[in-house]
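One structure is given here, and the rest of the page talks about it.
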Amino acid sequence: MNANSPIGIFDSGYGGLTVMKEIVKQLPQYDYIYLGDNARAPYGPRSFETVYRYTLQCVQWFFKQDCPLVILACNTASAKALRTIQQNDLPKMDTGKRVLGVIRPTTEVIGNYSSSKQVGILATSGTVTSQSYPIEIEKFFPGIEVYQQACPMLVPLIENNEHHTKGADFFVKKYIHDLLAKSPMIDTILLACTHYPLLMDKIKEYSPADMTILSQGEIVAASLVDYLQRHPEMEQRISKKGLQRFYTTDSTEDFDNHAALFYGTGVSSKHVDLEAQ
Ligand code: DGL
């Protein structure tokens with residue numbers, strides 16, 4: 001094991017911090033590096049090719065920081081880039097390093113939460129267009145009906161710290177209404193974007209009282225616990241000093257001011273210039 005070989009956690013912006021918070025809660029012994037590609041967020045409306053190119057660049061940066069394992073704590077990157085990175089890029093690199101996403105762990109359990117067997121997905125346009133959720137859920141829970149609603153305004157509202165405003169109320173209400181119009185039998189809504197837990201109060205407010213609303217942090221953290229138990233060769237490669245470091249491709253001041261909202265405690269980030277790699 002290297003003296004410093006942390007788990008890498010990636011998101012286009014701040015959203016992955018909601019996942020990292022839960023991972024650190026369940027696995028505090030490991031070292032972590034977070035990278036938010038804030039300069040290029042949001043990824044949601046971008047093409048497959050662009051999301052893949054940006055995500056691969058970030059994964060290569062993590063590998064240069066000696067991360068043996070990288071979690072794409074971003075549904076858009078998991079939907080549009082993960083498979084190609086796993087199947088085409090990692091074998092060429094031949095490092096034994098691994099990249100995991102957030103969609104698989106979520107789709108493995110989501111069917112257990114729904115009695116009506118009708119689930120709703122709130123996600124970015126990119127995640128919805130990729131069809132990753134319906135395809136993956138069908139593998140683990142055949143017969144479950146999946147209804148998706150793209151919510152293109154939510155990430156920009158959150159990234160710009162406007163998620164407490166009336167504007168956010170308007171869009172949350174509209175998106176929940178549009179989702180439930182597709183099927184009133186939906187009893188479980190998945191927040192399939194790691195930014196959306198910041199809107200949990202408003203999402204609850206505009207959903208029926210008995211709706212189960214799932215965010216991914218705890219699910220992904222539990223799945224990582226299980227993965228590391230099943231892969232001791234990977235577990236042994238991760239350094240264990242309980243350190244957490246934060247990097248952003250944009251302003252560190254903005255990142256530090258904003259990150260506490262997602263992470264719960266203050267952070268002190270460093271700037272990274274991916275073009276200069
Ligand atoms: N947190 C990312 C996700 O889970 C947001 C994507 C974006 O940048 O639009 O999809």
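For ligands, and for the atoms within them, numbers begin at 1 and follow the listed sequence. Note that the coordinates shown come from a computational prediction; the quantities given were computed from them, not determined experimentally.
Between K202 and E205, none of the side-chain N atoms (NZ, or NE/NH1/NH2) sits under 4.0 Å from a carboxylate O, so this pair counts as no salt bridge. E233 and R237 are not joined by a salt bridge, as no carboxylate oxygen comes within less than 4.0 angstrom of a charged side-chain nitrogen.
Applying the ring-ring contact (aromatic ring centres under 6.0 Å, His included) rule to pairs touching residues 111-148 yields nothing, sequence neighbours excluded. Applying the side chain to side chain donor-acceptor pair (under 3.5 Å) rule to pairs touching residues 150-166 yields E159-H195, sequence neighbours excluded. Sorted by first then second residue, the ring-ring contact (aromatic ring centres under 6.0 Å, His included) pairs that include residues 208-227, not counting sequence neighbours, are Y227-H231.
Residues lining ligand 1 at a heavy-atom distance below 4.0 Å are given as D11, S12, P42, Y43, G44, C74, N75, T76, T124, V155, C193, T194, H195, ordered by chain and residue number.
The aromatic rings of F246 and Y263 sit perpendicular, their planes meeting at an angle over 60°, well past the 30° parallel limit.
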